[in-house]
2 protein chains.
Amino acid sequence: MVTIKDVAKVAGVSIATVSRVIHDGGQVGEACRARVKKVIAELGYRPNSNARALVSKTTNTLGVVTPKISMPFFGSLASGVEKGARENNYKCLMSNSLYETKSELEAIESLRDHNCRSIILHSEYSDEKTLLKLAEEIPGLVLINRYIPAISNRCVWLDNQTGAKHATDYLLKRGHKKFAVITSIYQNGDPGFRLQGIREALKTANVPLPEAAIEESTANLEGGEQAVKALLAKGVKFTALLAYNDNMAIGAIHALFEAGLRVPEDVSVIGFDDLIVSRVCRPRLTTVHYPVEEMASYATKLAIELGEHPDASHHRTHLFIPHLVERDSVADAPGV
Amino acid sequence: MVTIKDVAKVAGVSIATVSRVIHDGGQVGEACRARVKKVIAELGYRPNSNARALVSKTTNTLGVVTPKISMPFFGSLASGVEKGARENNYKCLMSNSLYETKSELEAIESLRDHNCRSIILHSEYSDEKTLLKLAEEIPGLVLINRYIPAISNRCVWLDNQTGAKHATDYLLKRGHKKFAVITSIYQNGDPGFRLQGIREALKTANVPLPEAAIEESTANLEGGEQAVKALLAKGVKFTALLAYNDNMAIGAIHALFEAGLRVPEDVSVIGFDDLIVSRVCRPRLTTVHYPVEEMASYATKLAIELGEHPDASHHRTHLFIPHLVERDSVADAPGV
DNA sequence: ATGAAAGCGCTAACAA
DNA sequence: TTGTTAGCGCTTTCAT
């Protein structure tokens, strides 16, 4: 391994000078700088980042903590983080929290051991108090997909409510009057906001949404199937179905299909997230696009900025607005 | 930040003693050890991993380099790596190579700057010479999904040929006689092996596979659609379709559907990989399971072992055999 | 413009 | 059993 010493020796200068040319420090003679650069190239010298981190107490390494990176949504998130990191010459440590506050905290502590000053965290279940404490201790901590007013400048989040409103309005515009909703049993966070958006849009349009037409289940494919079966079993009539997310929507389509109902001819379905699967299912899913990769890149740049300049307390807001992606799972209401 | 010095001072011992109890080093008095442990807990001391890495010239950090982590296959790969890493108390750096040899190499160099001794690399396009050189320089480098005989003990790969054979045999068993294949235009690596497996199985069964029944396209959804359209346009008749991977298979199903052909009643389709999408499409896709997460965990443990003990040159082989997952896209041949 | 030297937090000889 | 000390490779004053 070639060190700064080797370079200094070969170039016939001191290590301080080498360090200066590496950092483009001003005070170096042109001839000298050129010579050192040449030696660096010849020897293939690369600074040891651990040594750097040790003395400067900071790294060009940041961390991303998500529940499980193999899930497409979090894979996209991680990809966005990596992009933002790479563009700023940062490396990217990843950890799966597996939905446990304990391993989430462990991952974060471990990141701190590594002198990471910037962390992008997707935390669904940790309570605000914990998060606030963490945010206080780590200036470069940015939350993605969560909004905590007290640290609004550290939250990069999506306006779920508006997204759901858009979807509902679109269905309304296509003439639908009989709605059903399938959502998550956990109404904290996203599911609650999305449901609220739906309710608002419907209320504004004076279209009823009976409680019986709202079915809760697990937020995945199976949950979507079950929820629709339950709806059908209860005899709820609907021509428009709003699902909490794409996975539930696709499960719903399957259940509808099995029940002899056609999508979109008999029932129109809208999802939320715009995961890869929504382009792959049949009919292709009309859904609300969640710009997670873009948001993650943005969050990363923010985290880096905050990590490097903890005092630059700009009070911008970091709210993203989703938009509807029209595909093939929505049609005009029957008879329109 | 609390350092080893702080702990030493509070506990009234030298830093060497603290270091010893951290490493469970034998030579420490019981009373002393207990006291130090207590202080460590009280102060919340955590060793600085950069300092450690600097002196010991090794880290508990490893790297995973894949083309793009947002693709479900690579997300699963990364997840497997993270699991293997976590179980060994390692942290996990990730990089997207974006299918470019240049950024792949850059990512690896950067990993070396960080003193990573273990690297898990998924490289499709880099040539063997480059890879061999890398493997020589980095004892803890493990290739996943690639086989290079000269470093067979560093390759964790899948028997694609056998996988494709299983799929073909299964179709044969269900009475199919008229086959078509859609594959990638790039026949290096996986696609070539899979096609070879199909050819062998068919030859053994004395079932012909005319060249016209093999269509090449891009290895994605659109490619699958195009390939099937081309097959149909050429007037090729088939009741069984083998796709290079799940995405092509699903594209194929879409195209078949549009052409008025039912899956599996008219045409049976088999994919390869068993990505999430194969459980989400309709009909659910019968496919060959690629145990990528499991393989990645295995590769990670291997990489860690090799990184820590470069000389332990066990010459095991690391070949995984895929198996078929029966779902709903295959039926008996019409008339059977 | 350049060099000498201190020290980041830690590990590992070597002493005692 | 415990402490002293010399670095690991680098950045950063402080001299010159």
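All values reported here derive from a predicted model rather than from experimental measurement. Chain letters run A, B, ... following the sequence lines, proteins first and then strands; every chain starts at 1.
- Within the 4.0 Å cut-off from OP1 or OP2 of dT11(C), at least one side-chain nitrogen or oxygen of S19(B) is found.
- Protein atom CD of Q27(B) is 14 Å distant from nucleotide atom P of dA13(C), rounded to whole Å.
- Residue M1(A) contributes atom CE, which lies 10 Å from atom C1' of dC8(D) at whole-angstrom precision.
- With dC8(D), dT4(D), dT11(D) as the candidates, the nucleotide lying closest to the side chain of I4(A) is dT11(D).
- Taking the side chain of C32(A) as heavy atoms from C-beta on, and the options dG9(C), dT2(C), dA12(C), the nearest nucleotide is dT2(C).
- Atom P of nucleotide dC10(D) and atom NZ of K5(A) are separated by 10 Å, given to the nearest angstrom.
- N160(A) and D190(A) form a side-chain donor-acceptor contact under 3.5 Å, judged by distance and modelled atom types alone.
- For T17(B), whose side chain is taken as the heavy atoms from C-beta onward, the closest listed nucleotide among dG7(C), dA4(C), dT2(D) is dT2(D).
- One interatomic measurement links the two molecules: CG of N50(A) to P of dC10(D), which rounds to 10 Å at whole-angstrom precision.
- In this structure, CG of N48(A) is placed 17 Å from P of dC10(C), rounded to the nearest angstrom.
- Out of dC10(D), dG3(D), dG9(C), the shortest distance to the side chain of T3(A) is found at dC10(D).
- Rounded to an integer number of Å, the gap from CZ of R33(B) to C1' of dT2(D) is 13 Å.
- Shortest non-hydrogen contact noted between T317(B) and Y298(B) is O-OH, 4.3 Å.
- Within the 4.0 Å cut-off from OP1 or OP2 of dT11(C), at least one side-chain nitrogen or oxygen of R52(B) is found.
- Distances shown here put every side-chain N or O of S56(B) at or beyond 4.0 Å from the OP1 or OP2 atom of dT11(C).
- An OP1 or OP2 oxygen of dT1(D) is reached within less than 4.0 angstrom by no side-chain nitrogen or oxygen of R20(B).
- Remark: the R46(B) side chain and the dG9(C) base include no donor-acceptor N/O pair separated by less than 3.5 Å.
- In this structure, I22(B) atom CD1 and dA12(C) atom P are separated by 11 Å, rounded to whole Å.
- Residue whose closest nucleotide on DNA chain C sits further toward the 5' end, between I15(A) and E30(A): E30(A).
- For H114(B) and dC10(D), the NE2 to C1' distance is 14 Å, given to the nearest whole Å.
- Mapping R35(B) and L54(B) onto DNA chain D via the closest heavy atom, the residue that lands nearer the 5' end is R35(B).
- Between the CD atom of E124(B) and the OG1 atom of T101(B) there is a distance of 10.5 Å, given to the nearest 0.5 Å.
- A donor-acceptor contact under 3.5 angstrom links the side chains of S95(B) and K91(A), judged on distance only.
- Closest-nucleotide positions on DNA chain D for S14(B) and K57(B) were compared, and the one nearer the 5' end corresponds to S14(B).
- The side-chain contact (heavy atoms from CB on, under 4.5 Å) with I144(B) is formed by just one residue from the set V64(B), I120(B), T300(B); it is I120(B).
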